[in-house]
Structure formats: C-alpha cells, structure tokens
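Convention: sequence-line order gives letters A, B, ...; per-chain numbering from 1.
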2 protein chains.
Amino acid sequence: MARAQTLSRNQQIVLDIIQKAKGPLKAYSILFNVQKKGINAPQQIYRALDKLIGMGKIHKIESKNAFVACRSSDCEISKATAFSICESCEMVDEISDTKLSKYLSGFNHKKGMKFKRFNLEFFGICKKCKKD
Amino acid sequence: MARAQTLSRNQQIVLDIIQKAKGPLKAYSILFNVQKKGINAPQQIYRALDKLIGMGKIHKIESKNAFVACRSSDCEISKATAFSICESCEMVDEISDTKLSKYLSGFNHKKGMKFKRFNLEFFGICKKCKKD
DNA sequence: CTCAAATATGTTATATTATAACAAACGTTA
DNA sequence: TAACGTTTGTTATAATATAACATATTTGAG
C-alpha cells in the first residue's frame, strides 16, 4: 500500500519551505534554498513536488509554474482547486468557496465528458497593490 | 493605434497552423512545422503567439504549455476561458457556456479582489477514449 | 508626401523548467 | 530475511521560454 501519511525526508524538506513561504515558489528557487540540506539536483525537487501534489499537500499554479501549500480542506486531494492571483505582486490565494466548488464539480460538458478534476485561476490586482 | 484586425506574415502563418490542427500545439512543434516557410527561431514563434493571444485568436492551455485556436465568440479577448481536457488522448475542447461564463465573471473574492480575467481547465476522459 | 514612431522581423545566445536513465539505499511486510 | 516497492543520489539532456541587439516594414500625423 502507498504511504499516504508519512513524508520522506526530502518531501518534508520541500513541504516545509513551501509552507513557510509567503507566496508561490518555483522549483529551482526551492532547489537553491535547500542545497545546504544536501539536496543537489532538480530531480530531487521535482520528485518531492510530484508526491506532495499527489497527496494534496501542495498545488501547482499552472500559469506561473510555481507551487503553493494547500490551505484548504475542501480540495480533496487536489480534485477541485481555485486560486486568486494578483498580476502585480504575484500573490496567490487559494479560494475555498463551497458554492463555487459544488457548482463546478457538478458542471458537465455537453459533449458527454465526465470531469474528474478542475483547476480555476482568477487574475486581477489585489487590494494592497491597488493602493500603490 | 494598435493594428487590431490585420495579421502580420508570421502571425498569419502561426495562426493558420494552429487553426488547422486537430489538437493543441506546442511552440516548438509549431516551429518545426514552419521552418520551410523561413521561420527559424523560437523567438519568432513566441512573438507571434503572444500577439495572437492578445488578440484573442488563440488561447494557451496552461497545464499543457500548448496552444489552441479560439472557437468561441464568448471569450471576449481571452478574459474568460474554459476548457475540457482529456487526460488520455490530450484532446482539448473550448467550453462556451454562457451560464458558466456569467457565473464566474460575477464571482468575486471575499478578500476584496476584483477579477479581470479567469481561466478554467476541466480534466477527465473523453467519450472516445472511454470506449477503448 | 515624408519623416518619426510603432510594430514586426531576423538572429544569436542564454535562461528557465522539466524529464530520462541508471545505480544504490531504505522500509515494509509476507 | 528475502522480495518488493519506494526513495535517494547523480549525471546528462530535453523542452520551454526570454534577453538583447540590429534591421526592416508599416502607419499615421503633420
């Protein structure tokens, strides 16, 4: 059986740094930040990222090729994700809205395709950036 | 003023090949397909892609780093895009659903961010692939 | 018409993101 | 404890995207 709960050493290191970050992190910036911990190669980062995504611990922001920690309990293993992205400061906020999630999970394509998963990215300028 | 309607030579070449394609095309596969027409470098492709996206003629499928022609009249200059993506055959279908589009365009984040644009990607297995 | 500004092109080089392939170590459990 | 799955370490390379600079073409204001 797959080890669903416990994280391996590298997985824990990568998750820690993503959780501590204020915004989305890119794979190579994670790599540079963990080289002191003995992780030397992109593969080690990407492997940990893949597993963490599979566990629903982190999400990939596709439009930015960057990764954020999961802050929501609604996105059951990343099957239904939504994010708000500021185009100015790059801030990413996970949207946890039950109505939205239900609406989209129930949405089905006319052409008969049954969806297993969705990812939604909203873009705009956040409150903080508007003041500047 | 910007030339909103007319396409330049390279833009037309790139748009043509994307429109003729049955599925999403990647930048380098476009490049290889137009080298006979005198386009030699990635820059030329990426520049054309950027402009075409700006005009709303094509869309980028973020989860695949690939490009499709716009088939919809609803996505006014790419401000509101939704796609259905088959995880087996890689087929991408643009979703043009007024209700969905209105629902999402009207959605606003609790934290006071006003959205200018969204992109939604649904994943599943298409009808055709289910039969196999 | 004509010249300046904006847009597009061509080109070389390089940055960034991601995966392939292989060998070794570790953990789990039958 | 042997076998299997998973994780690790490592080197190399593939795939995606942008920087920077020189030149050409188009467009529109005067």
With sequence neighbours left out, what residues match [X] under side-chain contact (heavy atoms from CB on, under 4.5 Å)?
{"X": "A/D50", "answer": "none"}
{"X": "B/K130", "answer": "A/K114, B/I125"}
{"X": "A/A66", "answer": "A/P24, A/K26, A/K64"}
{"X": "A/Q43", "answer": "A/R47"}

List, with names and distances, any nitrogen or oxygen atoms from the protein found under 3.5 Å away from nitrogen or oxygen atoms belonging to nucleotides 11-13 of chain C.
from	atom 1	to	atom 2	distance (Å)
C/dT11	OP2	B/N40	ND2	2.8

Bend across the helix from C/dC1-D/dG30 to C/dA30-D/dT1, to 10°, with axes taken over 5 pairs at each end? 40°

Below 4.0 Å: OP1/OP2 of [N] and any side-chain N or O of [X]:
{"X": "A/Y46", "N": "C/dA18", "result": "yes"}
{"X": "A/N65", "N": "C/dA18", "result": "yes"}
{"X": "B/S8", "N": "C/dT9", "result": "yes"}

Integer-rounded Å distance: D/dA15 C1' and B/F67 CZ: 13 Å

Using atom NZ of A/K51 as one end and atom P of C/dT19 as the other, report the distance to the nearest whole Å.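 Distance, rounded to whole Å: 14 Å.
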
Run the side-chain hydrogen bond (donor to acceptor under 3.5 Å, both in side chains) test against [X] and tell me which residues pass, sequence neighbours left out.
{"X": "A/N108", "result": "none"}
{"X": "A/K37", "result": "none"}
{"X": "B/D93", "result": "A/H109, A/K111"}
{"X": "A/K51", "result": "none"}

Using a side-chain heavy atom cutoff under 4.5 Å and only I, L, V, M, F, W and Y, what cluster partners does B/F122 have? A/M91, A/I95, A/L100, A/Y103, A/L104, A/F107, A/M113, A/F115, A/F118, A/L120, A/F122, B/M91, B/I95, B/L100, B/Y103, B/L104, B/F107, B/M113, B/F115, B/F118, B/L120

Close approaches to DNA chain C from residues 25-35 of chain A, in residue order (heavy atom, under 4.0 Å): A/K26, A/Y28

Can you tell which of D/dT7, D/dT8, C/dG10 lies closest to the side chain of B/N10?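 From the listed options, C/dG10 comes nearest.
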
